[in-house]
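A short write-up of the structure that comes next.
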Amino acid sequence: MIPSFDLNGVLPPFVGPTPTLVAAQAPFRTDILELAHNLGGSAVRKSLLEGLIKYRRSLRAIGLQGGYQILNGSFCEDCEATRGTDPGDIDAITYVKRPSAYKTDSDFAKFVSSNVALFNPSFAKAAFNVHNFTIDLDAPSESTIPISIYFYSLFSHQKHTRQWKGTLRIDLQTTNLDDDAMKVVAP
């Protein structure tokens, strides 16, 4: 479910009367097809979604099947109405499960190094317009929890106004929905 933008042009951090209900708070679970239908209303937004879909396909092509993405940034705001600008990219945190052939830390490090174009945020942004950061779900919680908290603090507030806002979550392995969403954004 993607809630409507609030009066500040951002996704609300929760829906309903209280933020204490887990099912009613961000990140709001959705899928790439709903994302295309709800946030793909302009040529710029469709182009950004096309890049996200290609990025997701590329991740699956190297064997990353399990995981999900948290999406945010200007793409998840009504920046056209509030600032008079188009979104510049899609900000994402991709939580991944290691492929079975790369379960050890050293093997996964080699895997990441050999696919740097997908794991380096600057390269992913240049190639796909997705400013992506990856979190390894198979890493020890001592490392994943602090980095998750760091990104939550960044993603839960608008950069310019410090306004509290919501995020979206989409599963990584929804190949058929990516195909359907591509038809919506690049018919």
Side-chain angles (χ1 to χ4, degrees), residues 2-3 5 9-11 26-65 67-96 111-136 147-148 150-161 163 165-187:
I2 300 176
F5 293 124
V10 297
L11 295 173
F28 298 104
R29 290 190 77 132
T30 188
D31 59 56
I32 192 76
L33 185 57
E34 184 180 17
L35 193 67
H37 284 297
N38 284 283
L39 296 180
S42 70
V44 169
R45 285 179 173 274
K46 286 179 180 180
S47 176
L48 294 175
L49 279 164
E50 187 175 355
L52 177 63
I53 294 166
K54 289 177 180 178
Y55 182 70
R56 291 163 54 81
R57 286 177 175 169
S58 297
L59 291 174
R60 286 192 300 271
I62 63 169
L64 296 173
Q65 299 297 323
Y68 57 93
Q69 294 176 300
I70 303 295
L71 305 178
N72 203 290
S74 60
F75 184 80
C76 293
E77 299 176 10
D78 190 6
C79 58
E80 296 90 340
T82 60
R83 294 191 297 278
T85 61
D86 290 316
D89 61 14
I90 297 177
D91 291 336
I93 305 166
T94 302
Y95 289 83
V96 298
F111 174 75
V112 168
S113 294
S114 65
N115 293 288
V116 71
L118 297 175
F119 289 103
N120 180 294
S122 299
F123 292 170
K125 184 174 178 175
F128 302 99
N129 287 315
V130 177
H131 196 208
N132 182 73
F133 300 90
T134 304
I135 296 179
D136 175 9
I147 195 71
S148 294
Y150 168 77
F151 280 115
Y152 171 77
S153 69
L154 288 180
F155 273 34
S156 65
H157 292 84
Q158 191 177 46
K159 182 170 45 175
H160 303 297
T161 66
Q163 171 72 38
K165 64 179 186 168
T167 57
L168 299 173
R169 175 186 165 159
I170 57 175
D171 289 335
L172 189 57
Q173 58 271 33
T174 54
T175 305
N176 59 328
L177 294 178
D178 283 6
D179 294 342
D180 291 342
M182 187 61 91
K183 293 174 189 170
V184 171
V185 300

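Computed from a predicted model, the values in this text were never measured in an experiment.
Under a 3.5 Å cut-off, the side chain of Asn120 and the backbone N or O of Phe123 do form a donor-acceptor pair. The backbone N or O of Ala43 sits nowhere less than 3.5 Å from a side-chain atom of Ser47 that would complete a donor-acceptor pair. Between the Asp31 side chain and the Leu33 main chain, a donor and an acceptor come within less than 3.5 Å of each other. Using a distance-only test at 3.5 Å, with no hydrogens or angles considered, no donor-acceptor pair links the side chain of Asn129 to the main chain of Asp89.
With sequence neighbours excluded, the residues forming a ring pair (Phe, Tyr, Trp, His ring centres under 6.0 Å) with Tyr95 are Tyr68, listed by chain and number.
Here the closest heavy-atom approach between residue Glu80 and residue Pro87 is recorded as OE2-CD, 3.4 Å. Closest approach of Ala26 and Thr167 over heavy atoms only: CB-N, 3.4 Å. Across every non-hydrogen atom of Thr82 and Gly9, the tightest pair is CG2-CA, 3.8 Å. The shortest heavy-atom contact between Ile90 and Leu49 is CD1-N, 4.1 Å. Across all their heavy atoms, Tyr55 and Asn132 have their closest contact at OH-ND2, 2.8 Å. Heavy atoms only, all atoms of each residue included: Gly88 and Ser74 are closest at N-OG, 3.4 Å.
Contacts classified as salt bridge (Lys or Arg N to Asp or Glu O under 4.0 Å) and involving residues 33-43 (residues at least two apart or in different chains) are not found.
Remark: of the listed residues Asn72, Asn38, Leu39, Ile70, Leu39 is the sole one forming a side chain to side chain contact (heavy atoms under 4.5 Å, CB included) with Leu168.
Counting heavy atoms from C-beta outward, Phe111 and Leu64 have side chains that approach closer than 4.5 Å. Between Gln163 and His157, every side-chain heavy-atom pair lies at or beyond the 4.5 Å cut-off.
Ring centroids of Phe133 and His131 are separated by less than 6.0 Å, placing the two rings close together.
Both cation-pi conditions hold for Arg45 and Phe75: the charged atom is under 6.0 angstrom from the six-membered ring centre and inside a 45 degree cone around its axis.
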Output side-chain donor-acceptor pairs under 3.5 Å for residues 178-187, partner residues at least two apart or in another chain, one line each.
{"unit_1": "Asp178", "atom_1": "OD1", "unit_2": "Arg56", "atom_2": "NE", "d": "3.1"}
{"unit_1": "Asp178", "atom_1": "OD1", "unit_2": "Arg56", "atom_2": "NH2", "d": "3.2"}
{"unit_1": "Asp178", "atom_1": "OD2", "unit_2": "Arg56", "atom_2": "NE", "d": "3.2"}
{"unit_1": "Asp178", "atom_1": "OD2", "unit_2": "Arg60", "atom_2": "NH1", "d": "3.0"}
{"unit_1": "Asp178", "atom_1": "OD2", "unit_2": "Arg60", "atom_2": "NH2", "d": "2.6"}
{"unit_1": "Asp179", "atom_1": "OD1", "unit_2": "Arg57", "atom_2": "NH2", "d": "2.9"}

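Between the side chains of Thr161 and Gln158, a donor-acceptor pair is found at a separation under 3.5 Å.
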Using the rule given for salt bridge (Lys or Arg N to Asp or Glu O under 4.0 Å), can you reason through Glu50 versus Lys54, listing the C-alpha separation, both sets of side-chain angles and the distance that settles it, and then say yes or no? CA-CA 6 Å; Glu50 187 175 355; Lys54 289 177 180 178; 3.3 Å; yes
